[in-house]
Structures are given as C-alpha cells and as structure tokens.
Amino acid sequence: MPNYWLMKSEPDVFSIDQLQKQQTSLWDGVRNYQARNFMMKDMKPGDRVLFYHSNAKPPGVAGLATISKEAVPDPTQFNKKSEYYDPKAQADHPRWFCVEVAFAKKFNRLVTLDEIRKKKGLEKMLVIQKGQRLSIQPVTKKDFDIICKMGEGS
DNA sequence: GCCAACGTTGGC
DNA sequence: GCCAACGTTGGC
C-alpha cells in the first residue's frame, strides 16, 4: 500500500516541467531533519507525491510524481561547490539522504494554495496550517485524491 | 522586500 | 541542557 506525500520545490530552482524533461531526479538539497527522516524511514518506491510549487505566483500543487528509489546519501553534501555542501558530513557517515522521484503527470491546472484553503474536506492538510514550512509532508489518501480531482478539472 | 514562524547554533 | 541570536522558509 503506497504512502502519500507533498513535496515542495521552488519552481525557479526545480519545477515540474524540469522533472518531466528529465523524468527522474534525486530530491537533493533537503537540510531539515524531519524531512530527511521521512525520506529515510518512511518513503518507499511506489509512494505517490503531490509536487508543490512554493515561492511561486501563485503557490500550489502543479502535478504528481512517484518515489522511484529509496533514500541514498545526498551527494551534494560532499560537494564543496554545491550550495548544499555540508562540511560536517563525512563520507563514511553521511548526514543527509535523498530519494529519487519520477515524473508522473502535470495537472491540467495548478491547484493553488488559496483553493486548497477554501476546499471543503481539506481543512486538515498540513500545507495550509499556520507556520507549517516543512518541505516534505505526509498526506492522507483522501486529501491526495481530492487534490488530484481538482488538478484534473477544467 | 517584509516578516511571522520555526529550526539551528553555540556560549555558558 | 538552556536559550538568545541568528538563519531560513515561504506567503503576502
């Protein structure tokens, strides 16, 4: 049975269109322990993902992805030239992990944060809770399905 | 660009 | 282990 997630990305940095172009991508650069733990411990291949565009105008869910590989050490933590370089990470003791995601589909229309706020039944989604800024969040199947329908509508 | 909310760091 | 200072997120 798959789990359901919402993963945030700033479209200026990495968008659903880029994922579609390259089909798969490591979800690297996550530097938050709670988000890391979701990837390390809870995500497994086949899990479904709402691809959320944050810091966008407007922000919202742009499409769907699927977890294609379980977590591996995030290579950017060892790369001194990367903005995600972490001097405290050691090769034999990595600190950060990332899963691989595969493109699934781009919605016909963006499901905006504003619509999610107003939609009956989605009141409990973490993404609309005040102060919630975790970049990877668990989602219920019910909420996942509602968002999918909204994204496929006209 | 502002800033509320939250996470992390580091001195003690 | 506390907590002030600082950094980041992300909507607006």
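Throughout, protein chains are lettered first and strands after them, A, B, ... in sequence-line order, and every chain is numbered starting at 1.
- Judged purely by distance below 3.5 Å, without hydrogens or angles, the side chains of A:Glu10 and A:Ser54 never pair a donor atom with an acceptor atom.
- Applying the salt bridge (Lys or Arg N to Asp or Glu O under 4.0 Å) test to A:Asp17 and every residue at least two apart in sequence or in another chain returns A:Lys106.
- Interface limits on DNA chain C: the 5'-most and 3'-most nucleotides within less than 4.0 Å of chain A heavy atoms are C:dG7 to C:dC12.
- The stretch residues 115-138 of chain A touches DNA chain B through A:Lys130, A:Gly131, A:Arg133, each having a heavy atom within less than 4.0 Å of the strand.
- Between A:Lys118 and A:Asp114 there is a salt bridge, since a side-chain N of the basic residue sits under 4.0 Å from a carboxylate O of the acidic one.
- Using a 4.0 Å cut-off between charged nitrogen and carboxylate oxygen, A:Asp47 and A:Lys44 count as a salt-bridge pair.
- The ring pair (Phe, Tyr, Trp, His ring centres under 6.0 Å) with A:Trp27 is formed by just one residue from the set A:Trp96, A:Phe38, A:Phe51; it is A:Phe51.
- Between A:Gln34 and A:Lys88, the residue anchored nearer the 5' end of DNA chain B, judged by the nucleotide with its closest heavy atom, is A:Gln34.
- Between A:Arg95 and A:Asp74, no side-chain nitrogen of the basic residue sits less than 4.0 Å from a carboxylate oxygen of the acidic one, so the salt-bridge criterion is not met.
- At a cut-off of 3.5 Å, with distance as the only test, a side-chain donor of A:Thr140 or A:Asp143 sits close to an acceptor on the other residue.
- With salt bridges taken as basic N to acidic carboxylate O contacts below 4.0 Å, one links A:Arg109 and A:Glu115.
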